[in-house]
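Structure first, then comments.
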Amino acid sequence: MNILITGASAGFGKALTERLVAKGHRVIGCARRVEKLNALADALGDAFLPVVMDVSDTASIPQIIADLPDGFNQIDVLVNNAGLALGTGPAHEASLDDWMRMTDTNVKGLMALTHAVLPAMVARDSGYIINIGSVAGNWPYYGGNVYGATKAFVKQFSLNLRADLIGTQVRVTNLEPGVIAGTEFSNVRYHGDDDKAAKVYDGFKTMTGDDIGDILLWLIESPAHVNVNRLEVMPVAQTYNGLTVAKRES
Ligand code: NDP
Ligand code: 8X3
């Protein structure tokens, strides 16, 4: 199969890329950092096609997809994984620029890739779109504001795609992970403050990008007549917050 993965240069996308190539699949690996993509190409060989792409530059995406070379230009699986959180504070202290960047990447980028790839899947009556949502799209938490809202969009868009794709063999899944260590997610969220990022994972056993890579591989290799609509996964140590009450004198 040919699998296009956005955000293949790090984290979940890289873990999945390595697994897929080891299983004999071809990967079109998209990201902004060309040196990371080239390092993967050196390690993985001809089954990996590095493609420099900024998903938030939505106008560029149709041409990038149209220019994919022979052997890679039929996309059997699209993994919309590129995404980011920026900031952990409350909405009234947040940066509007951070909010816009999250929306441009997590929402508009995912829409643009889907729009560019889906018609050919429907025409072939075969294909699979896996979107990377988050527990943050299901459960509100302090500081989750726009990040969680972008992932709620991803969830509902995924479900609405399923509705639109009635009668076709095209599958859609929204994978909704909880807290995962060992990727660049928190380094990005804390704007490069690596000490703060590392502290997020202190004192409990987290899941890792490898765990998510394994789950994604299982989804991709699941039978073509089975559709996992949504899959929420957390480390055992993580669970739901109770509703919060702020106690004060008046
Ligand atoms: P990482 O930060 O490790 O990886 C993010 C990837 O996305 C990188 O390859 C990065 O590549 C790419 N990327 C970011 N912005 C863009 C862009 N504008 N255009 C193209 N590529 C981009 O994060 P994770 O692997 O942890 O996260 C992957 C996805 O999973 C995200 O959507 C995230 O929201 C979601 N998620 C993460 C969780 C976690 O706890 N880690 C839990 C739940 C969901 P480059 O910088 O080279 O462009
Ligand atoms: C990332 C998981 O719990 O940090 O989407 O929001 S969490």
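Every value quoted in this text rests on a predicted model; they were computed, and no experiment measured them.
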Quick one: are [X] and [Y] in side-chain contact, heavy atoms under 4.5 Å?
{"X": "Leu113", "Y": "Ile65", "value": "yes"}
{"X": "Val170", "Y": "Ser126", "value": "no"}
{"X": "Val228", "Y": "Leu219", "value": "yes"}
{"X": "Val200", "Y": "Tyr190", "value": "yes"}
{"X": "Ile129", "Y": "Arg171", "value": "no"}
{"X": "Pro177", "Y": "Val135", "value": "no"}
{"X": "Met121", "Y": "Leu78", "value": "yes"}
{"X": "Glu18", "Y": "Leu40", "value": "yes"}

Is a donor from one side chain sitting under 3.5 angstrom from an acceptor on the other, for [X] and [Y]?
{"X": "Asn106", "Y": "Lys151", "result": "no"}
{"X": "Tyr128", "Y": "Thr173", "result": "yes"}
{"X": "Ser9", "Y": "Arg32", "result": "no"}
{"X": "Asn174", "Y": "Asn131", "result": "no"}

Any idea which heavy atoms bring [X] and [Y] closest together, and the distance?
{"X": "Leu84", "Y": "Met102", "result": "O-CG, 3.6 Å"}
{"X": "Gly83", "Y": "Thr105", "result": "CA-CG2, 4.0 Å"}
{"X": "Ile180", "Y": "Gly209", "result": "CG2-N, 3.5 Å"}
{"X": "Ala8", "Y": "Ala31", "result": "N-CB, 4.3 Å"}
{"X": "Ile212", "Y": "Met207", "result": "CD1-CE, 4.1 Å"}
{"X": "Gly7", "Y": "Asn81", "result": "O-ND2, 3.1 Å"}

For the pair [X] (side chain) and [Y] (backbone), establish whether a donor and an acceptor sit closer than 3.5 Å, ignoring hydrogens and angles.
{"X": "Asn187", "Y": "Asp194", "value": "no"}
{"X": "Asn145", "Y": "Gly89", "value": "yes"}
{"X": "Asp76", "Y": "Gly127", "value": "no"}
{"X": "Ser95", "Y": "Asp98", "value": "yes"}
{"X": "Arg162", "Y": "Ser158", "value": "no"}
{"X": "Thr6", "Y": "Ala82", "value": "yes"}
{"X": "Asp57", "Y": "Asp54", "value": "no"}
{"X": "Asn2", "Y": "Gly71", "value": "yes"}

Between the side chains of [Y] and [X], is the shortest nitrogen-to-carboxylate-oxygen separation below 4.0 Å, so that they form an ion pair?
{"X": "Arg230", "Y": "Glu176", "answer": "yes"}
{"X": "Glu184", "Y": "Arg189", "answer": "no"}
{"X": "Arg26", "Y": "Asp46", "answer": "no"}

Is there a continuous path of hydrophobic side-chain contacts, each under 4.5 Å between heavy atoms, that joins [X] to [Y]?
{"X": "Val77", "Y": "Met111", "answer": "no"}
{"X": "Val79", "Y": "Val154", "answer": "no"}
{"X": "Val52", "Y": "Ile3", "answer": "yes"}
{"X": "Met234", "Y": "Leu216", "answer": "no"}
{"X": "Val34", "Y": "Val27", "answer": "yes"}

Give the ring-plane orientation class for Tyr201 versus Phe204, where under 30° counts as parallel, over 60° as perpendicular and anything between as tilted.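 Answer is tilted, since the angle falls between 30° and 60°.
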Going from [atom1] on [X] to [atom2] on [Y], what distance comes out if it is rounded to the nearest 0.5 angstrom?
{"X": "Glu221", "Y": "Met1", "atom1": "CD", "atom2": "CE", "value": "6.0 Å"}
{"X": "Leu175", "Y": "Asn80", "atom1": "CG", "atom2": "CG", "value": "12.5 Å"}
{"X": "Trp139", "Y": "Ser134", "atom1": "CH2", "atom2": "OG", "value": "12.5 Å"}
{"X": "Ile166", "Y": "Leu161", "atom1": "CD1", "atom2": "CG", "value": "14.0 Å"}
{"X": "Phe12", "Y": "Thr17", "atom1": "CZ", "atom2": "OG1", "value": "13.0 Å"}
{"X": "Phe48", "Y": "Leu20", "atom1": "CZ", "atom2": "CG", "value": "11.0 Å"}

Derivation and outcome, side chain to side chain contact (heavy atoms under 4.5 Å, CB included), residues Leu110 and Thr150: CA-CA 10 Å; Leu110 181 144; Thr150 66; over 6 Å; no
Using the benzene-type ring in the case of Trp, are the ring centres of Tyr147 and Tyr141 under 6.0 Å apart?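 Ring centres of Tyr141 and Tyr147 not closer than 6.0 Å.
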Quick one: do Thr208 and Thr183 satisfy side chain to side chain contact (heavy atoms under 4.5 Å, CB included)? Show the steps, please. CA-CA 8 Å; Thr208 65; Thr183 76; over 6 Å; no
Give the intermediate values and the outcome of side chain to side chain contact (heavy atoms under 4.5 Å, CB included) for residues Val172 and Ile130. CA-CA 6 Å; Val172 183; Ile130 302 180; over 6 Å; no
Should we say atom NE2 of His115 is surrounded by more than 12 heavy atoms from elsewhere, each under 6.0 Å from it?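 No.
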Pick from Ile28, Leu44, Leu4, Leu37: which one makes a side chain to side chain contact (heavy atoms under 4.5 Å, CB included) with Leu49? Ile28
Begin with the C-alpha distance, continue with both residues' side-chain angles, and end with the deciding distance and a verdict on side chain to side chain contact (heavy atoms under 4.5 Å, CB included) for Arg124 and Gln169. CA-CA 9 Å; Arg124 283 197 314 276; Gln169 295 301 304; over 6 Å; no
